[in-house]
Protein chains: 2
Amino acid sequence: MTGDKGVAGANLGLVRSHNTALVLGLLRDAGTEGISRLELAERTGLTPQAVSKITARLRAEGFAAEAGRRASTGGKPRTVLRLVPEAGHAVGVHLDRDELRAVLVELDGAVVAERRAELDLGAGAEAVLGAVCAAVRDVVRDLPGAGGEDLAGVGSLVGAGVALPGPLDHARGVLHRVTGFPEWDGFPLRDALARRLGVPVVVDKDTNAAALGLAVGGAQEVAGRSFAYLHLGTGLGAGLVIDGGVHRGARTGAGEFGHQVIQLDGPPCECGNRGCVEALCLGAAARGELAEAARVLGVAAGNLVGLLDIDGVLLGGRTVAGAPDVYARGVAEVLAARARREGAGEDVPVRIAPRAERLVSEGAAQLLLAPLFGRGDA
Amino acid sequence: MTGDKGVAGANLGLVRSHNTALVLGLLRDAGTEGISRLELAERTGLTPQAVSKITARLRAEGFAAEAGRRASTGGKPRTVLRLVPEAGHAVGVHLDRDELRAVLVELDGAVVAERRAELDLGAGAEAVLGAVCAAVRDVVRDLPGAGGEDLAGVGSLVGAGVALPGPLDHARGVLHRVTGFPEWDGFPLRDALARRLGVPVVVDKDTNAAALGLAVGGAQEVAGRSFAYLHLGTGLGAGLVIDGGVHRGARTGAGEFGHQVIQLDGPPCECGNRGCVEALCLGAAARGELAEAARVLGVAAGNLVGLLDIDGVLLGGRTVAGAPDVYARGVAEVLAARARREGAGEDVPVRIAPRAERLVSEGAAQLLLAPLFGRGDA
DNA sequence: TGCACTTTCGCAACAGCGTTGCCAAAGTGG
DNA sequence: CCACTTTGGCAACGCTGTTGCGAAAGTGCA
């Protein structure tokens, strides 16, 4: 156990796991092309010898393998290493109000199994837990060691990530009053699932999972840097990635974007306040004024971009999916106008988030995979 | 040289400097009371033996000293260690439009010398550089080794930090068009000063320096955690501290708080946009409507608090200083109302930032001191 | 075909970190 | 005065990345 607060001391084990995760991350990012030991050394700043030791360990453990060699540049050609994707798996579960989606993801982020099911979040804890467990067991059933109730025997399974809408405590894995379902308030979802499944479980907000998924395998412009994922569906929320890690805040409350006030004493919002972006944006969208909805969203996005100086904005959610170009262009225009006024160099890119329907579930799986690769995780 | 991007590999030297900085930070936080080796071990998670080795090194180098012993609890009493403040110094310079302030700060953050001077930022680079250098040399003149042009001989001097208003590039130390003084655009202030002074120089925005100063020695509620410093003077800006480190963004543009739009199509602002907080807040203040100014500020602060889930808000600047209670209470009320609506647990505290006039210059000195103590610095 | 050269990469020895085992030092309490 | 508790240093240790060196595996020219 470390100190009660603040940063902990470092020791050799920490150095080892840090460097191993770093190398593993570079192997993943190299994809099927692979990467040589010397390139790994350059990228990490470690000596080639250190990289050799680390990769030898990873190969012995089955996480990495040699995969051919590059063309020679006058001497011995470099041996190419690549990640062995099937050496590790994680399940990602997206728990929505009326639907459940579970995916099985390999180390490289590829989805190798998927299940969908109807769900009623109001049906009570027992029913929902049962449905989640059934979906998780179903999605891993082809893995070696699967079959029993307990999934601890599935050697390659790192754990399961669960993403859902309501406010919750990521650190403790406890739900707060999920919007519209007050009976979930205080429910220890993480521990309840971990006990039933026999593997580690992590819970997080859906927007955070989506942002993490994008940080790992998102659009090229923003992957792994700092960006905001804005989700416009039945509500409006945001997931923030700062320096490659999801920013959750002390109480997992960060990303409260929809109730940002952009019109003092404006029209009332469900939350009890007035002039929230969510009310203005969704109201305009409901009236069919998509350009106005996009402009309003752009103003709020501009506030965010200015405050955090992020590298990009990604848009997603059902409402955006209905007219992606209108929203992307509308938001980009507001941001560009703002940048011009401030004399900033390059415009902040605005893109539509890829992998729409599976974004959250894949990101939920990354809640367990990302730490293996050294991505920031708080 | 490390890799071209991303995180670097860790080695033994990094472990050493990390743990040393950690211990040094705890020694500083312990103040004159001091702290025992075993307490340091508990706080860091290191073994007592490791702490003994580290503190022995620090004592040999003059950074720490034994200072009495605690009462026995039945065995050998713990020996108390404390920081030797005069073992290290840094100069902090606050460069404002019409004034220059330089302070000399010891390791514990105490100000041991101070100079003020009139200044005209528009008088040209040569005049301003000369004034800054003169102030720095003057403020360190009583340190052993001082006296010459070059300050490299002042053994305990870590360097000088310079904080100023305009947009700038913290990483490269280059100014952008300082508001109202376009001739500074592109000026490499850091390198120019470092060459003249012979010691390392760091430049940053004034709000960032202020936030860093508060993170190190600020109000108890927020010190070292996550908070926002809102500066309301001739303009409105913010400095963000996230997890103990200043968040600057990739282009040192973070903290653009004043031009957050909180009233769609509201009154025009100097920046060319409409409905910015700065225009609304300062407009209300100019009309004498302080309560309204505070409410407007509170709405914008609420947007920020919701987005980042921070632990507290600190207010500063000349306008706030004119009626501190009105602003603190007004902002707190808006935040409390918002928290009630969302059913959040505790209210976000709102306080007046201490050390008003010297806040920025002290923070500027911390730009060099903070890294010694392991505070996050990007 | 052979030789010189370049480049990769592993083995072995090494330095330096925190950790462990052990014991002297320095108190308290009966 | 002695038993006990607690602190904290010394020495040996295990582990990390690093350094020195040489084998392996290519290219290119004679």
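Residue numbers start from 1 in every chain, and the chains themselves are labelled A, B, ... in the order their sequence lines are given, proteins ahead of strands. When reading the values below, keep in mind they use all heavy atoms of this one structure, side chains included, and skip hydrogens, waters and symmetry mates. What you are looking at is a predicted structure, and each value in this text was computed from that prediction instead of being measured.
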Short N/O separations, protein against nucleotides 19-24 of chain D, under 3.5 angstrom:
none

Q | A87(B) backbone acceptor or donor facing S156(B) side chain under 3.5 Å | A | no
Q) Do side-chain atoms of H89(A) reach the backbone of L107(A) as a donor and acceptor pair under 3.5 angstrom? A) no
Q) Just wondering, are more than 12 heavy atoms of other shown residues or ligands nearer than 6.0 Å to CZ in R172(B)? A) no
Q.
So, does T79(B) get its side chain near the phosphate of dG8(D), meaning an N or O under 4.0 Å from OP1 or OP2?
A. yes
Q) Which residue, I54(A) or R37(B), contacts DNA chain D at a nucleotide closer to its 5' end, judged by nearest heavy atom? A) R37(B)
Q: Identify whether any heavy atom of S36(B) sits under 4.0 Å from a base atom; if not, whether one sits that close to sugar-phosphate; answer base, sugar-phosphate or nothing.
A: nothing
Q: Describe the nucleic acid contact of P77(A) in one word from base, sugar-phosphate, nothing, applying a heavy-atom distance below 4.0 Å.
A: sugar-phosphate
Q: For salt bridge (Lys or Arg N to Asp or Glu O under 4.0 Å), just list the numbers for E33(B) and R70(B), CA-CA rounded to whole Å, side-chain angles, deciding distance to a tenth of an Å, and then say yes or no.
A: CA-CA 10 Å; E33(B) 261 187 55; R70(B) 290 217 197 293; 5.3 Å; no
**Q.** Spacing between L12(B) atom CG and dG14(D) atom P, to the nearest angstrom
**A.** 17 Å
Q. Taking any atom under 4.0 angstrom from a heavy atom of chain B, which nucleotides of DNA chain C are the first and last to qualify, 5' to 3'?
A. dG16(C) to dT28(C)
(Q) Using a strict heavy-atom distance below 4.0 Å, which residues from residues 56-73 of chain A are in contact with DNA chain D? (A) R69(A), S72(A)
